[in-house]
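For reference, positions follow the sequence shown, starting with 1.
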Amino acid sequence: QVQFAESGGGSVQPGGSLRLACTVSGISFRQFNMGWHRQAPGKQRELVAQINISGTTYYADSANGRFTISRDNAKSTVYLHMNNLTPEDTAVYYCKVTTLDSWGQGTQVTVSS
């Protein structure tokens, strides 16, 4: 059974930065594409960024140029570096194995002055 340990969320001021980390267990991590999703209050969950097993990345328009997704296969961990945060980035952030319908508890990111 796949399990996720997400961390790195918190409260920051607009323009600040955070690095989220998600360590995955229960699968052969290096063989799976990984994504970060987020869900803001009252909104649907949305894909923010994805990284394939080859290292190819994809970003939603809202994240492009500000967020960077990366992975460390030796640590079974996927990261999301977020810069220049705005209040619109406030949400619970979840990592996900793209081909598995399983979610962790997520980590809260709050951007407020």
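- Of the candidates Met82, Glu6, Gln39, Met82 is the only one forming a side chain to side chain contact (heavy atoms under 4.5 Å, CB included) with Tyr93.
- Separating the OH atom in Tyr59 from the CG atom in Leu47 is a distance of 11.5 Å, to the nearest 0.5 Å.
- Taking 4.5 Å as the limit, some side-chain heavy atom of Gln108 sits within range of a side-chain heavy atom of Thr90.
- Clustering ILVMFWY residues whenever any of their side-chain heavy atoms sit less than 4.5 angstrom apart, transitively, puts Phe4 in the very cluster that holds Val109.
- In this structure, Val78 is a member of the same hydrophobic cluster as Val2, with clusters built from ILVMFWY side-chain heavy atoms closer than 4.5 Å.
- A heavy-atom distance below 4.5 Å is not found between the side chains of Val97 and Asn33.
- Other residues, nucleotides and ligands place more than 12 heavy atoms under 6.0 Å from the CG atom of Asn64.
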query = salt bridge (Lys or Arg N to Asp or Glu O under 4.0 Å) between Asp89 and Arg38: does it pass, once the steps are laid out?
reply = CA-CA 9 Å; Asp89 296 314; Arg38 69 184 181 186; 2.9 Å; yes

#### Entry: Worked verdict on Val48 versus Phe67 for side-chain contact (heavy atoms from CB on, under 4.5 Å)
CA-CA 9 Å; Val48 176; Phe67 295 3; 3.5 Å; yes

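- Remark: Cys95 SG to His37 NE2 distance equals 9.0 Å, nearest 0.5 Å.
- Distance check: His81 NE2 to Ser70 OG gives 4.0 Å after rounding to the nearest 0.5 Å.
- Inter-residue side-chain proximity for Phe29 and Asn73 is flagged as met; some heavy-atom pair is nearer than 4.5 Å.
- The minimum heavy-atom distance linking Ser113 with Pro14 is given by the pair N-CD, 3.7 Å.
- A cation-pi arrangement is absent between Lys96 and Trp36, since the terminal nitrogen or guanidinium carbon is not both under 6.0 Å from the aromatic centre and inside a 45° cone about the axis.
- Thr56 and Ser54 form a side-chain donor-acceptor contact under 3.5 Å, judged by distance and modelled atom types alone.
- Side chains of Thr77 and Thr23: a donor on one and an acceptor on the other come within 3.5 Å.
- Taking OG1 of Thr99 as the start and CG of Asp101 as the end, the distance is 10.5 Å to the nearest 0.5 Å.
- Linking ILVMFWY side-chain heavy atoms closer than 4.5 Å, directly or via other members, places Ile51 and Tyr94 in two distinct hydrophobic clusters.
- Tracing side-chain contacts under 4.5 Å through hydrophobic residues (I, L, V, M, F, W, Y), one reaches Leu80 starting from Val12; they form part of the same cluster.
- The distance from atom OG1 of Thr110 to atom CG of Leu85, rounded to the nearest 0.5 Å, is 10.5 Å.
- Side-chain contact between Ile69 and Tyr79 is absent, with no heavy atoms from C-beta onward closer than 4.5 Å.
- Note that CD1 of Ile53 and CZ of Arg30 are 10.5 Å apart. Values are rounded to the nearest 0.5 Å.
- Under the 4.5 Å side-chain criterion, counting only non-hydrogen atoms from C-beta, Thr107 is in contact with Leu20.
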